[in-house]
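Below: the structure, in structure tokens.
None of the values given here were measured: they were computed from a predicted structure. Order of the sequence lines sets the chain letters (A, B, ...), proteins ahead of strands, with each chain counted from 1.
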Amino acid sequence: MPERKDYVDRLRKLEHMRSVGIDPYPHYFHVSQDISDIVKRENDFLGKEVSTAGRLMALRYHGKVGFGDLVMDGYKIQIFLRYDVLGDKYSNFKDIVDKGDFIGVKGDVVRTEKGELSILLKDFAIISKSLYDLPHQWFGIEDVETRYRQRYLDMILNPEIFEIFRKRSYITREIRNFLNSKGFIEFETPILQPVYGGANAKPFITYVNAIERNYYLRISDELYLKRLLVAGYPRVYEIGKDFRNEDIDSRHNPEFTMIEIYEAFKDYKYMMDLTENLIKHVAETVNGTLKISLNGREVDLSKPWKRVRMLDLLYENGIDAKRIGDDDIKELLKKYEIKMPAYVRGIAITKLFEAMFEESFIEPVFVMDYPRESTPLCKLHRDDPSLVERFELYINGIEIANGYSELNDPLLQERFFREEMERRTLGDEEAQQMDMDFIEALRTGMPNAGGVGIGIDRLSMILTGAKSIKEVIYYPILAPKQEK
RNA sequence: GGGCCCGUAGCUCAGCUAGGUAGAGCAUCUGGCUUUUAACCAGGUGGCCGGGGGUUCGAAUCCCCCCGGGCCCGCCA
């Protein structure tokens with residue numbers, strides 16, 4: 001397979017540089033100011049000499065003058081080359097510098113006749129020679145596969161993508177700031193687990209050589225974080241990757257980032273407040289506003305978020321979940337094309353509810369008080385033991401968060417795990433596993449607590465306006481490219 | 001898992017319906033140009049038309065299989 005022509009051309013240029021004593025990959029260049037500093041505080045720098053560096057994204061020669069765009073950290077400044085200033089260095093520049101190279105420049109900050117803030121070059125140095133032509137700047141990269149496989153190209157050429165990932169980093173920073181200021185501490189619990197749990201999902205299986213046993217990549221942090229409540233920490237959280245061996249679409253990536261938060265002596269109502277305040281804090285600090293645009297619709301997060309009981313909403317739409325017969329439920333499941341490996345009334349009602357309403361929750365809504373069987377890890381509802389104190393937060397039609405009053409009764413927990421195991425024997429691959437180590441922890445005593453998990457990728461989608469989860473994941477999973 | 005669509009130069013795309021020597025713009029290379037910013041002008045290089053197999057005198061084009069990607073549905077309690 002022949003090498004790309006641009007690569008061959010640049011290699012030749014590289015050899016030429018080396019032959020005249022220029023290192024295309026030197027060890028150091030002194031930067032007195034970042035490009036962003038100069039752009040943001042131009043009045044401080046106008047007329048002064050600076051040395052700065054970035055990737056050269058454009059070059060426009062006009063005989064004995066030239067202009068280029070130097071870019072770093074999402075900021076751009078023009079460089080201005082004059083033969084009458086640079087002398088021989090002018091043609092050196094033309095000989096060895098290409099679009100795409102990282103270069104360092106030294107010169108005075110000036111304005112050109114057209115008013116463009118520029119650095120009038122006195123000297124320059126190659127920092128890193130680029131051996132490929134970058135894709136066309138104006139058209140950018142639109143091929144989705146190239147964008148995901150070579151995300152750095154996507155980021156170089158599509159500034160909005162560069163900003164999405166900067167914002168994503170700010171989102172996790174602000175989550176930490178918010179929680180740390182309230183006395184939470186962050187933990188790192190095991191990713192490799194002998195027994196997986198905390199959610200209903202198919203796991204990834206791996207093998208630990210030293211132990212000669214199969215282990216699982218965690219599907220949730222929950223059962224280990226709760227052990228920290230047993231240990232006596234009142235406020236704990238973890239931000240990390242979970243892994244679920246399921247299908248991939250615009251809302252699901254097999255590895256995704258979750259935060260789980262637990263606070264002792266609280267309940268699910270408190271956790272709804274915490275969740276709402278946390279997301280409002282993040283939106284305001286990261287976006288500078290509580291207004292977001294979802295599906296072209298302006299949504300104001302500052303209004304108090306609605307809280308609805310699942311059964312109330314069903315009742316208002318003609319389904320009395322307390323009284324409806326199982327045959328009628330099965331009829332509705334068929335109508336909404338919901339398949340279940342094993343019919344369980346509470347789970348059926350939950351699925352029905354999601355099928356009927358999920359997509360309609362554009363503005364933030366907390367759905368609360370789920371049927372008992374919808375999760376084995378939640379405390380029974382204090383007023384109705386057929387329900388649990390669970391909530392889910394929906395924004396823009398997708399589930400963003402899931403929280404409970406955490407079950408801390410070891411006897412009930414053991415019973416609920418056994419029910420899950422029965423469901424597994426009936427063919428539900430996503431039923432949870434019995435975790436006796438966790439039961440023993442509960443027997444030792446766990447304070448009552450509120451907990452919530454928030455999908456960071458999905459929250460990032462909401463706050464950046466991304467339409468697919470792949471747009472907020474640096475390297476979304478793709479099949480390996482076949483060798484040609 | 002089901003349906004629909006896509007893959008042609010470094011990038012963005014045309015050509016395919018109706019088979020007849022692979023095209024454009026940009027990038028790159030050469031030359032010109034002392035205030036441009038998608039710079040401009042002139043000329044040149046560049047492709048196993050995702051891969052394999054058919055049909056045909058002849059395939060980017062028609063047929064089959066495979067690979068990769070996208071969207072929708074299912075699944076994700």
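- Residue A:Lys202 places no side-chain N or O under 4.0 Å from the OP1 or OP2 atom of B:C75.
- Taking 4.0 angstrom as the limit, A:Arg149 places a side-chain polar atom (N or O) nearer than this to OP1 or OP2 of B:G69.
- Taking atom C1' on both nucleotides, B:G23 is separated from B:U61 by 15 Å, rounded to a whole Å.
- With a cut-off of 3.5 Å on both Watson-Crick or G-U wobble distances, the partner of B:G7 is given as B:C67.
- For A:Asp84, counting side-chain heavy atoms from C-beta on, the closest listed nucleotide (B:U37, B:U34, B:G68) is B:U34.
- Using modelled atom types and a 3.5 Å distance limit, the side chains of A:Tyr224 and A:Glu222 yield no donor-acceptor pair.
- Residues passing the ring pair (Phe, Tyr, Trp, His ring centres under 6.0 Å) test with A:Tyr336: none are found, sequence neighbours excluded.
- With B:G74, B:U34, B:U28 as the candidates, the nucleotide lying closest to the side chain of A:Asp9 is B:U28.
- In this structure, B:C40 forms a base pair with B:G32, meeting either the Watson-Crick or the G-U wobble geometry with both donor-acceptor distances under 3.5 Å.
- Checking B:A27, B:C75, B:C72 against the side-chain heavy atoms of A:Ser250 singles out B:C72 as nearest.
- A donor and an acceptor atom sit less than 3.5 Å apart, one in the side chain of A:Asp247 and one in the base of B:G74.
- Contact annotation for A:Glu116: base contact, defined as any heavy-atom pair under 4.0 Å involving a base atom.
- Within the structure, a side-chain polar atom (N or O) of A:Lys470 is placed less than 4.0 Å from OP1 or OP2 of B:G70.
- Nucleotides B:U28 and B:G10, compared at atom P, are 15 Å apart to the nearest Å.
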Solution key, residues 402-413 of chain A side-chain donor-acceptor pairs under 3.5 Å, sequence neighbours excluded:
residue, atom, partner, partner atom, Å
A:Asn402, OD1, A:Arg390, NE, 3.0
A:Asn402, OD1, A:Arg390, NH2, 3.4
A:Tyr404, OH, A:Thr375, OG1, 3.1
A:Ser405, OG, A:Tyr268, N, 2.9
A:Ser405, OG, A:Glu389, OE1, 2.7
A:Glu406, OE1, A:Lys226, NZ, 2.7
A:Glu406, OE2, A:Gly451, N, 3.3
A:Asn408, OD1, A:Lys379, NZ, 2.6
A:Asn408, ND2, A:Met446, O, 2.9
A:Asp409, OD1, A:Leu411, N, 2.9
A:Asp409, OD1, A:Leu412, N, 3.2
A:Gln413, NE2, A:Pro376, O, 3.0

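- Proximity of A:Lys5 to the phosphate of B:C29: no side-chain N or O atom is located under 4.0 Å from OP1 or OP2.
- Residue A:Tyr61 places its side chain closer to B:C33 than to any other of B:U28, B:G1, B:C33.
- In the set B:C11, B:G69, B:C75, the nucleotide with an atom closest to the side chain of A:Glu145 is B:G69.
- The A:Arg60 side chain lies nearest to B:A39 when the options are B:U12, B:A39, B:U34.
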